[in-house]
Participant: 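One structure, pasted below without further comment.
Note that ligands are numbered from 1 as they come in the structure, with each ligand's atoms numbered from 1 the same way.
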Amino acid sequence: MTAGLRIHAVKITPVAFRDPALLNAVGVHEPYALRAIVEVDTGEGLVGLGETYADEGHLRRLRAAADALIGMDVYGLGAMHRKVAEVLSSDNGVGGSGLTGMITTSSAVDRVFSPFEVACLDLQGKAAGRPVSDLLGGAVRESVPFSAYLFYKWAAHPGQEPDDWGAALDPEAVVAQARRMISEYGFTAIKLKGGVRPPAEEVEAVLALRDAFPDVPLRLDPNAAWSVETSVEVARRLEGVLEYLEDPTPELDGMAQVARQTPIPLATNMCVVAFEHLAPAVEQGSVQVVLSDHHYWGGLHRSKLLSGICDNFAMGLSMHSNSHLGISLAAMTHLAAATPNLTYACDTHWPWKTEEVVEPGALTFTDGSVRVPQGPGLGVELDHDALARLHEQYLKCGLRNRDDTGYMQRIDPHYEKKTPRW
Ligand code: GKR
Ligand code: MG
């Protein structure tokens, strides 16, 4: 009976959820982060869930793809990927956009296909009564470790009351932020978002973290804010301290120059973001760790393909995140659980959000890890009231595209986007 499951209807709902004033190399997070929630309905009582970016161009492409997927078999993921490619090739508006945050250009087809693939896997799992991790080859770990994701931040968005994290603009405050995050979630790895303060200060912050947490693996990610020379200098000071250094400098060539001058592994979610970047990255020795992300690598199966390629070329595999909600966390957890060579703690922006669209209970952090949901499919249920509330918030908030730089420039008209900055 399930062999005949077909896509009967697709609903795409943009939502906005409150986001603190987190700083990065290109500006500051706006007061709301945007996501799109995808519901794929078989018309037979089963609905599959996906979550993705919600910038306007992406929403337009999602809607065009959704129309073309009606009637397709939820098991026909290859045919679906080809259909999305077909739809987008006839859409002149397809191109890069800032929607993924600090990701340069990844394949629009893979980005658009991803939430539909996840929703179809949710459906397949629900139909079979098995968790998504089983459909990906089976979980090799019962729970998935995530890392504490520290940000320099302001106490509040201009004109708003301070949030309960307060400001973090120096090493002491960064350590205090780490203490709170670790005490609340139990994280066993730490990532600091850099590219915000002068490099020497960020080095001091990492050294302060090392003193405070001698046994916790540390990462620093300035999102390509540094020249090759600055990157090499920072790497020299942090040798033996960092587990990996993420995107110190722009482009494969710059990363390769840095890699030749430091023993610290270099990681990326900026210069290897699509399959065609892998061969030149391997050839040049630009990176030792690739950050996967099913939202732009084309879903869960294609992320597993990426994991095989990394394995073959002896590159490490970690996982990238953007501000996200529970459907994404569930998908990330199933994927990481079923990917043996994903040996680093995954990134997550989870602690920074205060609003959600899935029913509470399925996703909890214990000792910094999320237990793989055991229910059928993704194992999470949509909270329809919350979805309606966050959609209303989207309609009212006026934000339609992520623009960290534009927001920063409205606050500080002298702010310039520079890559590299130092
Ligand atoms: O949320 O500001 C942020 C991050 O900087 C995000 O946009 C990046 O894409 O977390 C990401 C990263 O690892 O580069
Ligand atoms: Mg990064």
Participant: What atoms of ligand 1 come closer than 4.0 angstrom to any heavy atom of Asp221?
Facilitator: 12 (C), 13 (O), 14 (O)
Participant: Provide the number and element of each atom of ligand 1 under 4.0 Å from a heavy atom of Asn322.
Facilitator: 6 (C), 7 (O), 8 (C), 9 (O)
Participant: Measure across Val74 and Cys120 and return the closest heavy-atom pair with its distance rounded to 0.1 Å.
Facilitator: O-CB, 3.5 Å
Participant: Between Phe275 and Trp297 (judged by ring centroids, cut-off 6.0 Å), do the two rings come close enough to count as a pair?
Facilitator: yes
Participant: Looking at Tyr394, is Arg389 sitting on its ring face, NZ or CZ under 6.0 Å from the six-membered ring centre and within 45 degrees of the normal?
Facilitator: no
Participant: Confirm or rule out an N/O/S atom of Asn223, from backbone or side chain, lying less than 2.8 Å from the Mg ion (ligand 2).
Facilitator: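 Checking the Mg ion (ligand 2) against Asn223, no N, O or S atom falls under 2.8 Å.
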Participant: Purely on distance, is any nitrogen or oxygen of Asp404 under 3.5 Å from one on ligand 1?
Facilitator: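 No; every N/O pair is 3.5 Å or more apart.
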Participant: Does Arg421 count as lying over the ring of Trp226, i.e. NZ or CZ under 6.0 Å from the six-ring centre, within 45 degrees of the axis?
Facilitator: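 Geometry flag: not set, cation outside 6.0 Å or 45°.
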Participant: Measure centre to centre between the rings of Tyr407 and His157, then say whether the value is under 6.0 Å.
Facilitator: yes
Participant: Which atoms of ligand 1 sit under 4.0 Å from any heavy atom of Asn24?
Facilitator: 2 (O), 3 (C)
Participant: Given the ring of Phe17, does Lys353 sit roughly above its face, with NZ or CZ under 6.0 Å from the centre of the six-membered ring and within 45° of the axis?
Facilitator: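 Here Lys353 fails the 6.0 Å and 45° test against Phe17.
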Participant: Would you mind listing which atoms of ligand 1 come within a distance below 4.0 Å of any non-hydrogen atom of His29?
Facilitator: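 Answer, ordered by atom number: 1 (O), 2 (O), 3 (C).
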Participant: Taking the N/O/S atoms of Asp221 one by one, which is nearest to the Mg ion (ligand 2)?
Facilitator: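 Per the distance ranking, Asp221 contributes OD2 as its closest N/O/S atom to the Mg ion (ligand 2).
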Participant: Within 45 degrees of the ring normal and closer than 6.0 Å to the centroid, is that where the cationic atom of Arg35 sits relative to Tyr53?
Facilitator: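 Relative to the ring axis of Tyr53, which defines the angle, Arg35 lies inside both limits.
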Participant: Report yes if the distance between the aromatic ring centroids of Phe187 and Phe365 is under 6.0 Å, otherwise no.
Facilitator: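 Yes, close enough.
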Participant: Determine whether the side chain, the backbone, both or neither of Met319 has a heavy atom under 4.0 Å from any heavy atom of ligand 1.
Facilitator: neither
Participant: Any heavy atom of Leu22 sitting closer than 4.0 Å to ligand 1?
Facilitator: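 So Leu22 does not count as touching ligand 1.
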Participant: Quick check with a 6.0 Å cut-off and a 45 degree axis cone: is Arg179 positioned over the face of Phe213's six-membered ring?
Facilitator: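 Geometry flag: set, cation within 6.0 Å and 45°.
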Participant: Indicate yes or no: does an N/O atom of Ser323 lie under 3.5 Å from an N/O atom of ligand 1?
Facilitator: no
Participant: Have a look at ligand 1 and work out which part of Arg402, if any, has a heavy atom under 4.0 Å from it: side chain, backbone, both or neither.
Facilitator: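 For Arg402, only side-chain atoms sit under 4.0 Å from ligand 1.
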Participant: Pick one of side chain, backbone, both or neither for how Ser321 approaches ligand 1, counting any non-hydrogen atom pair under 4.0 Å.
Facilitator: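 The backbone, only.
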Participant: Which distance, rounded to the nearest 0.5 Å, do you find between the CD of Glu246 and the CG of Leu192?
Facilitator: 11.0 Å
Participant: Under 4.0 Å from any heavy atom of Lys191, which atoms of ligand 1 are there?
Facilitator: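 Under 4.0 Å from Lys191, ligand 1 has these atoms: 12 (C), 13 (O).
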Participant: Checking contacts here: is it the side chain or the backbone of Asp247 that comes within 4.0 Å of ligand 1, counting heavy atoms only? Could be both or neither.
Facilitator: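 None of Asp247 does.
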Participant: Looking at the Mg ion (ligand 2), which N/O/S atom of Glu246 is the nearest one?
Facilitator: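 For Glu246, the N, O or S atom at the smallest distance from the Mg ion (ligand 2) is OE2.
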